[in-house]
Engineer: 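What follows is a single structure, and I will ask about it in a moment.
Start at 1 and go down the list; that is how both ligands and their atoms are numbered.
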Amino acid sequence: MHVPCRTTLLVLTCLLWSLSFTPRCSSKPDPHQRQALIEMEARRATGGGVVLNEKEKLVDKKLQQMKLQEMEAPDFPPAMHFFKAKPLIDASPVFSFLRKMPKGAALHVHDFAMVGVEWLVKNVTYRENCYVCFNDENSVRFVFSSVQPKALPHCSTWTLLKTLREKLNSTELDNSFIRNLTLVTEDPDSEYPNQDVVWKRFEQAFLVAYGLVTYAPVFKEYLYKGLAQFYEDNIMYVEIRALLPPTYELDGRTNTREWSLNACSEVIKCFKAHHPGFFGARIIFTVHRGLNSTQAVQIIDEAMRLHKKFPEVMAGFDFVGREDKGNPLWYFREALGLPEKRSVDLPYFFHAGETNFLGTAVDQNMMDALLFNSSRIGHGYALAHHPVVKELARKMDVAVEVCPISNQVLKLVSDLRNHPAAGLMAEGFPIVISSDDPALFGASGLSHDFYQAFMGFGGMKSNLSTLKELVFNSLKFSSLSPTEKKNGIANLLVDWDKFISETLL
Ligand SMILES: *[C@@H]1O[C@H](CO)[C@@H](O)[C@H](O)[C@H]1NC(C)=O
Ligand SMILES: *[C@@H]1O[C@H](CO)[C@@H](O)[C@H](O)[C@H]1NC(C)=O
Ligand SMILES: *[C@@H]1O[C@H](CO)[C@@H](O)[C@H](O)[C@H]1NC(C)=O
Ligand SMILES: *[C@@H]1O[C@H](CO)[C@@H](O)[C@H](O)[C@H]1NC(C)=O
Ligand SMILES: *[C@@H]1O[C@H](CO)[C@@H](O)[C@H](O)[C@H]1NC(C)=O
Ligand SMILES: *[C@@H]1O[C@H](CO)[C@@H](O)[C@H](O)[C@H]1NC(C)=O
Ligand SMILES: [Zn+2]
């Protein structure tokens, strides 16, 4: 039978055809065919279309050697819980390479989970007028106030921290605050036996930080510090999912959401002015998915207004909170359809598919995100189970924001070699790597997550081409305008080439 093999699209069909139907002259499979199939797979993978120059090829060789050595060690960090793997990763040459590598943009991080918590404890809680109370869930709350604050339900009376520190051992107290603010622990498997427990602690940790970071002066410093920590990790641009909560002043007065957005705008400008090479940051306004449909209509209304007023700093809208326990996107359809109905632009960046419960209302979120024209999908962990959604996402050029460490700590997957994004990378599905809540996991800006993706998802297959595509994806799939994107990518290329040259020294 004659099979025409004119176009490259047909090559695979032809190869498979000939594999099964060519009369066998010898019993062994044809090694040329085998090689052709291997190359075909490699071309499809993330990085498969990236052509490396001579310098990059040399760097790739070095990188592969480093990796080989690390893969031979008895403990493979991506297979371990991050809290146990972190010291190994920190000592790894591949990690130090990734730290120095320009990583472009962080597209999925949350406002109050960016700054290492030591700063909150060692710097912020040491300021004047900081009160603490101890609640009946083994947690604490903080507030700044010029007068004795009114007691919270289920919490002890507020105590001035300064007074408390005179009575108790400050080091021990501070360490307990640090434990309250992160999920980090020596024995994660027994401390967090299931998703309910770990999510509960996660939400508690957010509430502990909340009283500190919503104090107006701290709110601004926190954002500045957050940008600084990402900048130090060689990230040039950040898109922050932000609750934009009302901040408060020492006398209890509160500021509006607009104040918060204005503050973000000022801080970003100021940070850029002091850090040449930093490209900027934008805000994705988020609300908790626990709100009801009436409240959602009001919020979307406000989001449209804010987006119109702050088009430069505000990129769009998203929901946060545990997907499995919150309302699905479809529940909010009336609210989410408003911008289209009024012909107003409000880009969406939905978290969707951060679940491993199949067939639930929440499991539909990825499809609904696309139906509402979401610009990207946060997590998309469940994507492999939805072939039609996957095809649609590819057609619409919607990238998935993959956050490996977050998915592991929040118990969707334990061994990162089994993360579904490994499959997405193998087929070159558009993804970006991000870190979700690095401060809560004890991770850096993006480098730890890049390590997990490079070593865990890619294994021996991933290489400098893979990294280069992931890095440039981050700007390609950002919310920047076409012109800004072009400039950003040009700047990134300069940084990239400089990094390659320096690595060869
Ligand atoms: C690097 O990985 C890509 C994607 O799998 C592949 O196409 C390419 O051939 C690899 N490069 C080298 C030098 O192995
Ligand atoms: C606290 O942090 C701020 C902002 O980063 C910094 O300016 C200040 O020096 C710090 N204070 C102390 C005591 O570390
Ligand atoms: C406070 O606690 C730490 C750690 O338990 C201990 O090393 C230190 O000596 C204590 N300091 C005082 C003043 O008791
Ligand atoms: C939070 O801090 C309080 C007060 O020091 C402490 O009793 C409690 O054990 C801490 N909670 C956690 C989860 O570490
Ligand atoms: C939503 O919540 C608000 C405030 O709690 C309430 O007034 C309203 O009736 C609720 N709407 C629906 C549809 O449940
Ligand atoms: C999504 O975009 C398509 C194409 O631009 C448009 O026809 C459709 O109405 C949009 N849907 C929503 C819900 O905005
Ligand atoms: Zn998130």
Engineer: For the pair Phe317 and Phe319, name the ring-plane relationship: parallel under 30°, tilted 30 to 60°, perpendicular over 60°.
Structural biologist: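 Ring orientation, 0 to 90° scale: perpendicular.
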
Engineer: For ligand 5, which atoms sit closer than 4.0 Å to a heavy atom of Gln295?
Structural biologist: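 What qualifies from ligand 5 is 2 (O), 4 (C), 5 (O).
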
Engineer: Using a 4.0 Å cutoff against the non-hydrogen atoms of Asn463, which atoms of ligand 1 qualify?
Structural biologist: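 Ligand 1 atoms under the 4.0 Å threshold to Asn463: 1 (C), 2 (O), 3 (C), 8 (C), 10 (C), 11 (N), 12 (C), 14 (O).
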
Engineer: May I ask you to decide if the ring planes of Phe372 and Tyr348 are parallel, tilted or perpendicular, using 30° and 60° as cut-offs?
Structural biologist: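 Correct class here is perpendicular.
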
Engineer: Kindly state whether the ring of Tyr248 and the ring of Tyr215 have centres lying under 6.0 angstrom apart.
Structural biologist: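 When the ring centroids of Tyr248 and Tyr215 are compared, they turn out to be within the sub-6.0 Å range.
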
Engineer: Go through ligand 1 atom by atom and flag the ones less than 4.0 Å from a non-hydrogen atom of Asp60.
Structural biologist: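 Going through ligand 1 atom by atom, the ones under 4.0 Å from Asp60 are 13 (C).
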
Engineer: As an exercise, state the distance from CZ of Arg342 to CE of Met304, rounded to the nearest 0.5 Å.
Structural biologist: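 One finds 4.0 Å between CZ of Arg342 and CE of Met304.
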
Engineer: Under 3.5 Å, which donor-acceptor pairs link side chains of residues 93-102 to any protein atom two or more places apart or in another chain?
Structural biologist:
| from | atom 1 | to | atom 2 | distance (Å) |
| --- | --- | --- | --- | --- |
| Arg99 | NH1 | Asp233 | OD1 | 2.7 |

Engineer: Do any N/O atoms on Ala42 end up under 3.5 angstrom from N/O atoms on ligand 1?
Structural biologist: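 Among all N and O atoms of Ala42, at least one is under 3.5 Å from an N or O of ligand 1.
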
Engineer: In terms of relative ring orientation, are His351 and His108 parallel, tilted or perpendicular, with 30° and 60° separating the classes?
Structural biologist: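 Perpendicular: the ring planes of His351 and His108 meet at over 60°.
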
Engineer: Can we say Lys86 and Asp90 salt-bridge, meaning some charged N sits less than 4.0 Å from an Asp/Glu carboxylate O?
Structural biologist: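 A salt bridge is present here (some side-chain N lies under 4.0 Å from a carboxylate O).
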
Engineer: Touching ligand 1 at all, Leu52? Heavy atoms, strictly under 4.0 Å?
Structural biologist: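 No.
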
Engineer: Taking everything shown except Gln64 itself, do over 12 heavy atoms lie less than 6.0 Å from its CD?
Structural biologist: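 Atom CD in Gln64 is packed in, count exceeds 12.
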
Engineer: Provide the number and element of each atom of ligand 1 under 4.0 Å from a heavy atom of Thr46.
Structural biologist: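 This gives 4 (C) as the contact atoms.
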
Engineer: For ligand 5, is there an N or O atom under 3.5 Å from any N or O atom of Ser293?
Structural biologist: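 No, since none of the N or O atoms of Ser293 sits under 3.5 Å from an N or O of ligand 5.
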
Engineer: What is the distance from atom CD1 of Ile489 to atom CZ of Phe279, rounded to the nearest 0.5 Å?
Structural biologist: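 Answer rounded to 0.5 Å: 9.0 Å.
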
Engineer: Report all protein residues having a heavy-atom distance below 4.0 Å to some atom of ligand 6; order the list by chain, then number.
Structural biologist: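 The answer is Glu340, Leu371, Phe372, Asn373, counting any residue whose heavy atom sits under 4.0 Å from ligand 6.
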
Engineer: Should Lys309 and Glu302 count as an ion pair when the cut-off is N to O under 4.0 Å?
Structural biologist: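 Here Lys309 does not pair with Glu302 in a salt bridge, since their nearest N and O are not under 4.0 Å apart.
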
Engineer: Enumerate the atoms of ligand 1 whose separation from the nearest heavy atom of Ala45 is less than 4.0 angstrom.
Structural biologist: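 Counting from 1, the qualifying ligand atoms are 4 (C), 5 (O).
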
